[in-house]
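Just so it is clear, the model here is predicted, and its values are computed rather than measured.
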Amino acid sequence: MSLPLQFADTLLEPTPDAWFDYAAAHWQILLVDHANCEKKAASTALSLIFTYPEDMDLTERMSRLAREELRHFEQVQRLMQQLKVPFTRLPPSRYGESLRKVIHREEPARLLDILLCGALIEARSCERFMGLAPRLSEPLQSFYAGLAASEARHHGLYLRLAEQRYSGQWQERLQYLRAAEAQLITSPDPLFRFHSGLPMELSEAG
């Protein structure tokens, strides 16, 4: 699967086709982790509100984003109930923690990194929704197809916020971060999650 054109300048590598096939066969785990991802996305938006209260444009946009992410979380929970998928506590994947490790600790570089990582995560989410939807049965097929448009908007929002605050400075940093993200997506991963790399058992089988 090739990258959608709207993400060609953000994402460096497409998700391997084998990941999509594995995810479609293990959709129950995917759905549980998806709920966790929506909570994390809302938490990130709320964290930006508390950390940068003086940036009123940023906080207003993050407030709206947090509400939308929580609505998505509620929708995933309803689907879990409808499809009789029980909640289980899943250890988090390496994806989020690994991206956090490359974020600068000092300002103003820290905010730039957070915004760019937000753009990368939303772009990857959209790419995976687009690739998963045709492989899944209803109601997941329609649900994921619909969510792809939301994730594309969120990707654009994070990029615009970075461009507005770091004009002429963000492109070079994005090149570094997108390479780190691509490595996580394409390399063998011990855990299968929504943002995981290729499941290690597939790599070992190959």
Trainee: With sequence neighbours excluded, what pairs up with S98 under the side chain to side chain contact (heavy atoms under 4.5 Å, CB included) test?
Mentor: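 For S98, the residues satisfying side chain to side chain contact (heavy atoms under 4.5 Å, CB included) (neighbours in sequence not counted) are R94, L184.
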
Trainee: Measure the spacing between CD of Q28 and CG of D33 and express it to the nearest 0.5 Å.
Mentor: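 Here the interatomic distance stands at 13.5 Å.
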
Trainee: Once you round to the nearest 0.5 Å, how far does CG of L157 lie from CG of L115?
Mentor: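 One finds 8.5 Å between CG of L157 and CG of L115.
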
Trainee: What distance separates H154 NE2 from L147 CG, expressed to the nearest 0.5 Å?
Mentor: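 Between atom NE2 of H154 and atom CG of L147 there are 9.0 Å.
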
Trainee: Hey, are the side chains of Y95 and R124 touching, using non-hydrogen atoms and a 4.5 Å cut-off?
Mentor: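 They are in contact (side-chain heavy atoms under 4.5 Å apart), so the answer is yes.
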
Trainee: Taking the side chain from T59 and the backbone from M56, do they hold a donor-acceptor pair closer than 3.5 Å?
Mentor: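 Side chain of T59 to backbone of M56, a donor-acceptor pair under 3.5 Å: yes, one is there.
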
Trainee: Return the minimal non-hydrogen interatomic distance between A119 and Y158, and the atom names on each side.
Mentor: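 In this case the closest contact between A119 and Y158 is N-CB, 3.6 Å.
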
Trainee: How long is the gap from CG on L65 to CG on L46, to the nearest 0.5 Å?
Mentor: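 Rounded to the nearest 0.5 Å, the CG-CG separation comes to 9.0 Å.
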
Trainee: So do D189 and M200 actually touch side chain to side chain, heavy atoms under 4.5 Å?
Mentor: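 No, side chains not in contact.
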
Trainee: Do I49 and Y52 land in one hydrophobic cluster if side-chain heavy atoms of ILVMFWY residues count as linked below 4.5 Å?
Mentor: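 Per the 4.5 Å side-chain linkage, I49 and Y52 are co-clustered.
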
Trainee: Start with the C-alpha distance between L48 and L111, add both sets of side-chain angles, then the distance that settles side-chain contact (heavy atoms from CB on, under 4.5 Å), and finish with yes or no.
Mentor: CA-CA 9 Å; L48 286 168; L111 176 58; 3.9 Å; yes

Trainee: Tell me whether D21 at atom CG has more than 12 heavy atoms from other residues, nucleotides or ligands lying less than 6.0 Å away.
Mentor: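 Count over threshold, so yes.
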
Trainee: When you look at E68 and R153, which way does the salt bridge (Lys or Arg N to Asp or Glu O under 4.0 Å) test go after all the steps?
Mentor: CA-CA 11 Å; E68 185 174 1; R153 283 191 294 101; 2.6 Å; yes

Trainee: Carefully, step by step, assess E13 and I185 under the rule side-chain contact (heavy atoms from CB on, under 4.5 Å).
Mentor: CA-CA 8 Å; E13 295 286 347; I185 288 300; 5.8 Å; no

Trainee: Does a sphere of radius 6.0 Å around CD in E138 hold more than 12 heavy atoms from other residues, nucleotides or ligands, not counting ones at 6.0 Å or beyond?
Mentor: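 For E138, atom CD is crowded (more than 12 foreign heavy atoms under 6.0 Å).
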
Trainee: Walk me through it: do L83 and W27 pass the test side-chain contact (heavy atoms from CB on, under 4.5 Å)?
Mentor: CA-CA 11 Å; L83 298 171; W27 61 268; 3.8 Å; yes

Trainee: Could you tell me whether R165 and D57 make a salt bridge, using a distance below 4.0 angstrom between a side-chain N and a carboxylate O?
Mentor: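 Yes, R165 and D57 are salt-bridged.
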
Trainee: Test salt bridge (Lys or Arg N to Asp or Glu O under 4.0 Å) on R178 and E181; report intermediate values, then the result.
Mentor: CA-CA 5 Å; R178 73 198 291 246; E181 195 272 348; over 6 Å; no

Trainee: Out of curiosity, does L90 fall in the hydrophobic cluster containing L132 (side-chain heavy atoms, cut-off under 4.5 Å, transitive links)?
Mentor: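 L132 and L90: one cluster.
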
Trainee: Tell me the closest heavy-atom pair linking L198 and P16, and the distance in Å.
Mentor: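 Looking at all heavy atoms of both residues, the shortest contact is CD1-CB, 4.2 Å.
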
Trainee: For residues L161 and Y166, determine if any side-chain heavy atom of one lies less than 4.5 Å from a side-chain heavy atom of the other.
Mentor: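 When only atoms from C-beta onward are counted, Y166 and L161 do not touch, as no gap falls below 4.5 Å.
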
Trainee: Kindly compute the distance separating SG (C126) from NE2 (H155), expressed to the nearest 0.5 Å.
Mentor: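 It comes to 9.0 Å.
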
Trainee: Could you tell me whether E69 and R64 make a salt bridge, using a distance below 4.0 angstrom between a side-chain N and a carboxylate O?
Mentor: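 So E69 does not pair with R64 through a salt bridge.
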
Trainee: Kindly give the heavy-atom pair with the smallest separation between V32 and P86, and that separation in Å.
Mentor: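 Looking at all heavy atoms of both residues, the shortest contact is CG2-O, 3.7 Å.
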
Trainee: Taking the side chain from S43 and the backbone from K39, do they hold a donor-acceptor pair closer than 3.5 Å?
Mentor: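 Answer holds: no.
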
Trainee: Atom CD of residue position E106 - does it have more than 12 heavy atoms of other residues, nucleotides or ligands inside 6.0 Å?
Mentor: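 Incorrect, the count does not exceed 12.
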
Trainee: Does the gap between the ring centers of Y22 and H26 come in under 6.0 Å?
Mentor: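 Yes, they do, as the ring centres are separated by less than 6.0 Å.
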
Trainee: Under 3.5 Å, is there a donor on one side chain and an acceptor on the other for W19 and S196?
Mentor: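 A pair is found: one side chain offers a donor N or O, the other an acceptor, under 3.5 Å apart.
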
Trainee: Is the shortest side-chain N to carboxylate O distance from R100 to E97 below 4.0 Å?
Mentor: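 Answer for the salt bridge query: yes.
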
Trainee: Go through R67 and S63 one step at a time and tell me if the side-chain contact (heavy atoms from CB on, under 4.5 Å) criterion holds.
Mentor: CA-CA 6 Å; R67 292 197 296 274; S63 177; 2.8 Å; yes

Trainee: Please round to the nearest 0.5 Å and tell me the distance separating atom CH2 of W170 and atom CD of Q175.
Mentor: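 That separation rounds to 8.5 Å.
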
Trainee: Quick one: do I121 and L11 end up in the same hydrophobic cluster if we chain Ile, Leu, Val, Met, Phe, Trp and Tyr together by side-chain heavy atoms under 4.5 Å apart?
Mentor: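 No; tracing contacts between hydrophobic side chains, which count when under 4.5 Å, never links both residues.
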
Trainee: Quick one: sort the F194 and H34 rings into parallel, tilted or perpendicular, breaks at 30° and 60°.
Mentor: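 F194 vs H34 ring planes: parallel.
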
Trainee: Test of understanding: clusters of I, L, V, M, F, W, Y form through side-chain heavy atoms closer than 4.5 Å, transitively. Do V102 and L159 belong to the same one?
Mentor: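 Both belong to a single hydrophobic cluster.
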
Trainee: Are F129 and I29 connected into the same hydrophobic cluster when the rule is that any two of I, L, V, M, F, W, Y join if their side-chain heavy atoms are below 4.5 Å apart?
Mentor: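 Yes: a chain of side-chain contacts under 4.5 Å links I29 to F129.
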
